[in-house]
Amino acid sequence: MSRFLQAEIDLSALSQNLSRIKSILKSAGSSCKIIAVVKADAYGHGAVQIARSLETHNVDFLGVAFFEEAVILREAGIKSRIIVFFDREVKELFKYGITPVIFDFKQAKKLSNEACKRGVTLPVHIKVETGMGRLGIYNDPCGTIKKIASLPCLEIEGIMSHLSQAEEPQWSRQQIKRFMELKACLNKSGINSFFHISNSAGLVYPEALFDAVRPGLMLYGYSSNIPETGLKPCMTVKTKLMDIRKLPKGTPISYGKTFITKRDSLIGVIPVGYADGYFRKLSNRAYVIVRGKKAPVVGTVCMDLTMLDLTDIADAKINDEVIILGYSGKERITAKDIAEWAETIPYEVLTSFGSRANRRYTGGKEDRL
Ligand SMILES: *Cc1c(COP(=O)(O)O)cnc(C)c1O
């Protein structure tokens, strides 16, 4: 029998979050396209199922980090356009009908040669540096893109950049301004590709919407800077109590004796640890929910096990459900709470949890039948 660690993914929350994104665009008077970001296994939610669900809502593009992620989607029967953000793959992408992002001239040349050899025109997006300091053309982007435009067998479908601190208006406006200047320069030369710079947090800037947006986090129900009303977290993570022990006052709990019971205690054990993405940093900091009440994590989080103080939940029983991330009664624990306890960001919490949990999907079409 396998231990119980389940990530429940609510697909109706996904469609609600997508609607919220569409309504933000609409109220900004924008009809821009949506590139739904499903990299890192859809932030731990399962890329194939999330992509299938998004496909039923007609998003314009899916975005992934690496070519191999795009192949997994194609092999699962996903037909939508897929943009690969960070990869130098040249040959195989033709086979799968995948759209690459170019971040230097050399890569453009190779793709052009390969497309010509195959007698096709390849749509590509080009990434430019505006302040992220990661990938993208930084040296004379307008001139370089014009040079790329003169290569045969490529169609420059999109021009993109990325905000490095979208929560910070002043810096973001500077990035947006650089991007606008580039657009003006390219438009003058007759290059009228569609422009995109906004991730989820960029949606607060109407001037940053351009012709497409690339939301990731918001699809999964979180935002770093937009009121979360109307957003619903897609992921709930649950396990079960595998043991409850009555221990006297003064008993050390877990490695390093970082917690010593201050009273006669009920200590619960759950089969979840840092190998499941439950960060060690959560030791003596996090809470979970048992029988509708919050229970603190006590002692050091182990590789496969974590201990809880259940003394105030006297009716707790072995096999009771334990909510690590999610709602129960009036209590809730969000990826933001866990991120705060672990001194990280909700992105890392979501992508970490996806790894070892069994996923179960609810709220999909098959559910409603
Ligand atoms: C991850 C990523 C996004 C999505 O960012 P969110 O903050 O999750 O909305 C958009 N564009 C690129 C290039 C990315 O790598």
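Source: prediction; values computed, not measured. Both counts, for ligands and for their atoms, begin at 1 and track the order of listing.
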If you count the atoms of ligand 1 from 1 in the order shown, which ones are under 4.0 Å from a heavy atom of K39? 1 (C), 2 (C), 3 (C), 14 (C), 15 (O)
Who's closest to atom 5 (O) of ligand 1 heavy-atom-wise, of V64, N199, I197? N199
Residues D10 and R360 bridged, charged N to O under 4.0 Å: no
Considering only heavy atoms of P215, which atoms of ligand 1 have at least one such atom less than 4.0 Å away? 9 (O)
If we only consider heavy atoms of M218, is any one of them less than 4.0 Å away from an atom in ligand 1? no
Might you work through the side chain to side chain donor-acceptor pair (under 3.5 Å) test for H45 and R359, ending with a clear yes or no? CA-CA 8 Å; H45 294 68; R359 292 199 201 96; over 6 Å; no
Looking at D104 and R88, does any basic side-chain N land under 4.0 Å from a carboxylate oxygen? yes
Number the atoms of ligand 1 from 1 as they appear, then name those within less than 4.0 Å of a heavy atom of R134, with their elements. 15 (O)
Flag, side chain of E348 to backbone of I345, donor-acceptor distance under 3.5 Å: no
What are the atoms of ligand 1, with element, lying closer than 4.0 Å to any heavy atom of F86? 15 (O)
Looking at Y43, is its backbone amide N or carbonyl O close enough to the side chain of D41 to form a donor-acceptor pair, meaning the two atoms are under 3.5 Å apart? no
Within the structure, is a non-hydrogen atom of H196 found at a distance of less than 4.0 Å from ligand 1? no
If we number the atoms of ligand 1 from 1 as shown, the ones under 4.0 Å from a heavy atom of Y43 are 1 (C), 4 (C), 5 (O), 6 (P), 8 (O)
Quick test: of every protein heavy atom, which one is nearest to atom 9 (O) of ligand 1, and how far off is it to 0.1 Å? S200 OG, 2.5 Å
Can you check whether G230's main-chain N or O pairs, donor with acceptor, with Q16's side chain at less than 3.5 Å? yes
Only heavy atoms of L217, strictly under 4.0 Å: list the atoms of ligand 1 that pass. 6 (P), 8 (O), 9 (O)
Under 4.0 Å from ligand 1, counting heavy atoms only, is it the side chain of H162, its backbone, both or neither? side chain
Side-chain (S27) to main-chain (S23) donor-acceptor, under 3.5 angstrom: yes
